[in-house]
Amino acid sequence: MDYNALFERILGQVDQAAYLPLADVVDPAQQAAMVKIEGQLRDPQIPAQATEALIRRFHQDGQIDRVHMLSALHVLAASPKVGDFDLAARHVAEQEMAALSLGGPRLTANLASVDRHRGVLAFLQGQFAVALDYFSRAFERQHSAGNLSNVLAALIRLGDVDEAQALLKQVRGAFDGALVADLNKMIAQDPDLAMLREEEDAC
């Protein structure tokens, strides 16, 4: 597969004025609630029903908007706690419509979240080329280490490790600061990026 166009899509965005250093940055008014939700999502001792109730209560209380509620419900549905990909897909479709309805200054970031979620669903079902396209779109909309790490993971799953290494090298040369630092941390910790970590260790 020829990835020249993919690299151009990613590296061609370097000169934009700003990017977000983390994939799941939310606006400050919603961040505290989303951190609590994430904590429950990661805790295997907390049942899915309790987490869903928390997500819906935070939305009813005005702590998160409908876009973030649907995003969190998608993550829950796609997680090993539930594993219902059809439900997750319905949530992400609703999230897209909610983002378009809300509009405003966070529209691009909200649509990047939609792309990322669709990429995750494709990735979990072994459709890595489809996932790669969604993850690339997510990065175009929201410059983040998380979105780049997803692109690299999809390339690795497609068997294109050399291309992943080449893209990583170009990204490190083109981007500065927090994005590269966060990406390096993800490579050091994420099992899906272990092949890149091993390559680094061998150098």
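Cluster annotation: Phe85 and Val114 are assigned to distinct hydrophobic clusters (Ile/Leu/Val/Met/Phe/Trp/Tyr, side-chain heavy-atom contacts under 4.5 Å, transitive). Residue Leu168 is grouped with residue Leu148 when hydrophobic side chains (ILVMFWY) are merged at heavy-atom distances under 4.5 angstrom, including chains of intermediate members. Hydrophobic clustering (ILVMFWY, side-chain heavy atoms < 4.5 Å, transitive): Leu124 and Val151 are in one cluster. Hydrophobic clustering keeps Val92 apart from Val67 (ILVMFWY residues linked when any side-chain heavy atoms are closer than 4.5 Å, directly or through intermediates).
For Arg56, the salt bridge (Lys or Arg N to Asp or Glu O under 4.0 Å) criterion is met by Glu52, not counting sequence neighbours. Partners of Phe58 by ring-ring contact (aromatic ring centres under 6.0 Å, His included), not counting sequence neighbours: none found. For the side chain to side chain contact (heavy atoms under 4.5 Å, CB included) test, residues two or more places apart in sequence or in another chain that qualify with Thr51 are Gln40, Leu41, Ile46, Ile55, Leu76, Lys81. Among residues two or more places apart in sequence or in another chain, the side chain to side chain contact (heavy atoms under 4.5 Å, CB included) test is passed with Ala88 by His74, Ala77, Ala78, Leu121. Applying the side-chain hydrogen bond (donor to acceptor under 3.5 Å, both in side chains) criterion to Ser149, with sequence neighbours excluded, gives no partner residue. In this structure Arg66 satisfies the salt bridge (Lys or Arg N to Asp or Glu O under 4.0 Å) test together with Glu94, sequence neighbours excluded. Scanning for side-chain hydrogen bond (donor to acceptor under 3.5 Å, both in side chains) contacts around Arg57 gives an empty result, with sequence neighbours left out. Looking at residues two or more places apart in sequence or on another chain, you find no salt bridge (Lys or Arg N to Asp or Glu O under 4.0 Å) involving Asp84. Under the side-chain hydrogen bond (donor to acceptor under 3.5 Å, both in side chains) criterion, Asn110 pairs with no residue, sequence neighbours left out.
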Mind running salt bridge (charged side-chain N to carboxylate O under 4.0 Å, His left out) on Asp86 and Arg90 for me, showing each step along the way? CA-CA 6 Å; Asp86 289 339; Arg90 289 196 294 274; 5.4 Å; no
Please lay out, stage by stage, how Ile64 and Ile37 fare under the test side chain to side chain contact (heavy atoms under 4.5 Å, CB included). CA-CA 11 Å; Ile64 57 174; Ile37 291 168; 4.0 Å; yes
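Between the CD atom of Gln127 and the CZ atom of Arg118 there is a distance of 15.5 Å, given to the nearest 0.5 Å. Summarising the geometry, atom CG belonging to Asn184 is positioned 12.0 Å from atom CZ belonging to Arg197; distances are rounded to the nearest 0.5 Å. To the nearest 0.5 Å, atom CG of residue Leu183 and atom CG of residue Leu152 are 6.0 Å apart. For the atom pair His59 NE2 and Leu54 CG, the distance stands at 13.5 Å (nearest 0.5 Å). Distance CD/Gln63 to CE/Met69: 14.0 Å, rounded to 0.5 Å.
Using a 30° and 60° split on the angle between ring planes, Phe128 and Phe123 fall in the perpendicular class, above 60°.
A donor-acceptor distance shorter than 3.5 angstrom exists from the side chain of Asp43 to the backbone of Gln45, with no hydrogens or angles considered.
Within the 4.5 Å cutoff, the side chain of Asp65 has heavy atoms near those of the Gln30 side chain. Under the 4.5 Å side-chain criterion, counting only non-hydrogen atoms from C-beta, Leu70 is not in contact with Glu96. Counting heavy atoms from C-beta on, the side chains of Leu167 and Leu155 come closer than 4.5 Å. Counting only heavy atoms from C-beta outward, the side chains of Val75 and Glu38 never approach each other to under 4.5 Å.
Scanning all heavy atoms of the two residues, the minimum distance from Leu158 to Ala129 falls at CD2-N, 3.8 Å. Summarising the geometry of Ala145 relative to Asp182, their closest heavy-atom pair is CB-CB, 3.5 Å, with the distance given to 0.1 Å. Residues Ala131 and Ala122 share a closest heavy-atom pair of N-CB, 3.7 Å.
Here Tyr134 is tied into one hydrophobic group with Val130, each link being a pair of ILVMFWY side chains closer than 4.5 Å. Membership of the apolar cluster around Leu100 extends to Met97, Leu107, Leu111, as traced through chained side-chain contacts below 4.5 Å between ILVMFWY residues.
If you check the side chains of Asn147 and Arg116, you find a donor sitting under 3.5 Å from an acceptor. A donor-acceptor contact closer than 3.5 angstrom links the side chains of Ser113 and Gln95.
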Kindly list each side-chain donor-acceptor pair under 3.5 angstrom involving residues 187-196, sequence neighbours excluded, with atom names and distances?
from: Asp190; atom 1: OD1; to: Asp192; atom 2: N; distance (Å): 2.8
from: Asp192; atom 1: OD1; to: Arg157; atom 2: NH2; distance (Å): 2.8

